[in-house]
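A quick write-up on the structure given underneath.
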Amino acid sequence: MRYKATQDFAQTMDANDPLRDFRSKFYMPPGKTRAECIYLCGHSLGLQPRTTQTCIEEELADWRNLAVKAHFEGQHPWMYYHELVTDSLARLTGAKPIEVVAMNSLTTNLHLMMVSFYRPTLDRHKILIEGPAFPSDRYAVDSQIRYHGFDPDESLIELQPDAQGRVSSTQILAALEEHGEDIALILLSPVNYTSGIFLDIRSITRLAQAKGCKVGLDLAHSIGNVVLKLHEWEVDFAVWCSYKYLNAGPGGIGGCFVHSRHSDDNLPRFAGWWGHNQQTRFQMPSEFEPILGAEGWQLSNPPIFQLASLRASLALYDEAGMERLRAKSRLLTGFLEFLLQELKSNQFQQITPTDPSQRGCQISLKIPSGKNIQAKLEAQDILTDWREPDILRLAPVPFYNSFSDVFQTVEALRKAL
């Protein structure tokens, strides 16, 4: 794409955008200086689809009119409600339906997965993560190491960002070559929340498993952002939240992937009744019989209203298609990068890779004392995201952001700088 740094170019791109109608399927926050805010925070909290309220109200009506009978007699019986999102999640993660389930929250699911896949021994007890990992992931890893009686100072390998502010696939591969025989588990975010780098998970997984390591992923900033192929990549497990790119609302229900090769492994797990064989669940047997696949890790019956919210958003993904969304995302992010380069400013440094295949829709800028810049943008109803100590994150989401949004944002950034 040969970009031009003009409003006319942005408007032409918007007019020719095959996904432009999806913007109207979301509620855009109203602004004070403009009718609608320019919202570049979908990597933090996605916007509300217009169908969300209807989906939730359907379940409120069944609760009101059917009460307990809605578990089996409602418009969407609650007993099987989580299955309504299974196929959509499988498509978004590149998985088989048996490998995915919507349940709990991200960190809860991470702990449940580590119970099964982090099995440290005296010879192999280390966990490899990238730094900075999202704090909740680090807390979970640290606590799991301590729970098993090991010392994080000895058992946690946390790779530090390079001079460009990111941990690369090359660094991770080198660490595996050096420490692989000691590592029980590697836990990575395919798209890092700070730098926005998109790792080469296929290559990392192959080497890690050749070294005898289990591979787990945190997809919080990846699912709904980049094309994932979890089954093909053969990662052991993955967990995610749904309130960022999946637009399921604050605290939306999380999800879990377990590769099908583990279906018959009889792995140790923390069990709950919703993970028990569906055919005999309500006979209340005393012995746990897990459902085959990822559903066997469920604990309790799922929150129906959260699932309804997720179902509304996933229907839009099914309609648009992740490949088409990703194609627009690369154009949008490329336009953002082009305009930032046109500023020719020495007041910020882009830490997200310039290679489109190594990033999602997020571009992170290192701007010392840049929180003031963010405040100036917000005063113009341009909502961006700040991460201490010096990172400004901009995420043009292909569902509801436009090329004009990007152009106006960089023009406002020019003035703010």
Side-chain angles (χ1 to χ4, degrees), residues 46 76 79-117 187-191 201-202 205 214-248 252-265 267 269-272 274-278 290-304 306-318 321-323 325:
H76 305 103
M79 171 72 174
Y80 315 105
Y81 200 99
H82 65 281
E83 297 174 6
L84 296 176
V85 301
T86 297
D87 288 345
S88 299
L89 290 175
R91 283 188 284 272
L92 280 178
T93 55
K96 296 180 178 180
I98 196 175
E99 295 175 322
V100 297
V101 63
M103 64 182 196
N104 307 318
S105 60
L106 187 156
T107 305
T108 298
N109 290 338
L110 179 55
H111 277 297
L112 293 175
M113 289 296 101
M114 286 196 285
V115 166
S116 299
F117 291 99
L187 177 67
L188 302 171
S189 297
V191 177
I201 297 298
R202 181 200 297 267
T205 300
K214 298 297 185 185
V215 179
L217 302 178
D218 173 353
L219 304 181
H221 290 82
S222 308
I223 188 169
N225 179 15
V226 294
V227 175
L228 300 169
K229 299 181 179 181
L230 300 186
H231 180 81
E232 180 182 320
W233 295 341
E234 297 192 328
V235 301
D236 294 289
F237 73 86
V239 295
W240 60 86
C241 58
S242 63
Y243 54 83
K244 301 180 189 295
Y245 296 106
L246 296 192
N247 311 303
I253 190 168
C256 196
F257 163 91
V258 180
H259 198 282
S260 57
R261 69 176 178 276
H262 296 300
S263 293
D264 298 321
D265 284 358
L267 291 167
R269 72 184 78 193
F270 286 165
W274 216 253
H276 182 89
N277 182 350
Q278 202 174 90
I291 300 173
L292 193 66
E295 285 194 25
W297 272 266
Q298 295 175 106
L299 297 181
S300 304
N301 48 319
I304 298 301
Q306 287 191 20
L307 277 173
S309 181
L310 176 60
R311 186 167 68 90
S313 177
L314 292 184
L316 297 177
Y317 273 98
D318 290 338
M322 192 60 223
E323 295 282 353
L325 286 165

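Keep in mind the model is a prediction, meaning the values are calculated, not measured. For the single chain, residues carry numbers from 1 onward in sequence order.
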Under the side-chain contact (heavy atoms from CB on, under 4.5 Å) rule, collect the residues that match up with [X], sequence neighbours excluded.
X	value
E234	Q209, H259, R261
S222	P190, V191, L219, V226, L228
A294	V101, V258
S242	L246, A248, I253, L310

Nearest 0.5 Å, what's the [atom1]-[atom2] distance between [X] and [Y]?
X	Y	atom1	atom2	answer
L92	Y245	CG	OH	13.5 Å
T107	L112	OG1	CG	11.0 Å
N225	M322	CG	CE	6.5 Å
C241	I223	SG	CD1	9.0 Å

Of all residues at least two apart in sequence or in a different chain, which pass the salt bridge (charged side-chain N to carboxylate O under 4.0 Å, His left out) check with [X]?
X	value
E232	R202
R91	D318
D87	none
D218	none

Heavy-atom pair with the smallest gap, counting every atom of [X] and [Y]:
X	Y	value
Y81	I304	CB-CD1, 3.8 Å
H231	S260	CE1-OG, 3.5 Å
M103	C256	CE-CB, 3.9 Å
L106	A220	CD1-CB, 3.6 Å
I201	W233	CG2-CE3, 3.7 Å
P290	R269	CB-NH1, 3.7 Å

After noting the C-alpha distance and the side-chain angles of L110 and L187, does the key distance pass the side chain to side chain contact (heavy atoms under 4.5 Å, CB included) rule? CA-CA 10 Å; L110 179 55; L187 177 67; 3.9 Å; yes

With distance as the sole criterion, is a donor-acceptor pair present between the side chains of S116 and W297 under 3.5 Å? yes

Could you tell me which residues satisfy side-chain hydrogen bond (donor to acceptor under 3.5 Å, both in side chains) with [X], sequence neighbours excluded, listed by chain and number?
X	value
H276	T280
S105	T108
H221	none
D265	H262

Go through Y80 and Q278 one step at a time and tell me if the side chain to side chain contact (heavy atoms under 4.5 Å, CB included) criterion holds. CA-CA 10 Å; Y80 315 105; Q278 202 174 90; 3.4 Å; yes

Derivation of the side chain to side chain contact (heavy atoms under 4.5 Å, CB included) call for W240 and V100: CA-CA 11 Å; W240 60 86; V100 297; 4.1 Å; yes

Side-chain touch [X]/[Y], heavy atoms, less than 4.5 angstrom:
X	Y	value
L307	L84	no
L292	D264	yes
S88	Y317	no

Is a side-chain N or O of D236 found less than 3.5 angstrom from the main chain of V215, in a donor-acceptor match? yes

Using the side chain to side chain contact (heavy atoms under 4.5 Å, CB included) rule, take E99 and L230 through it: C-alpha gap first, then chi angles, then the decisive distance, then the call. CA-CA 9 Å; E99 295 175 322; L230 300 186; over 6 Å; no

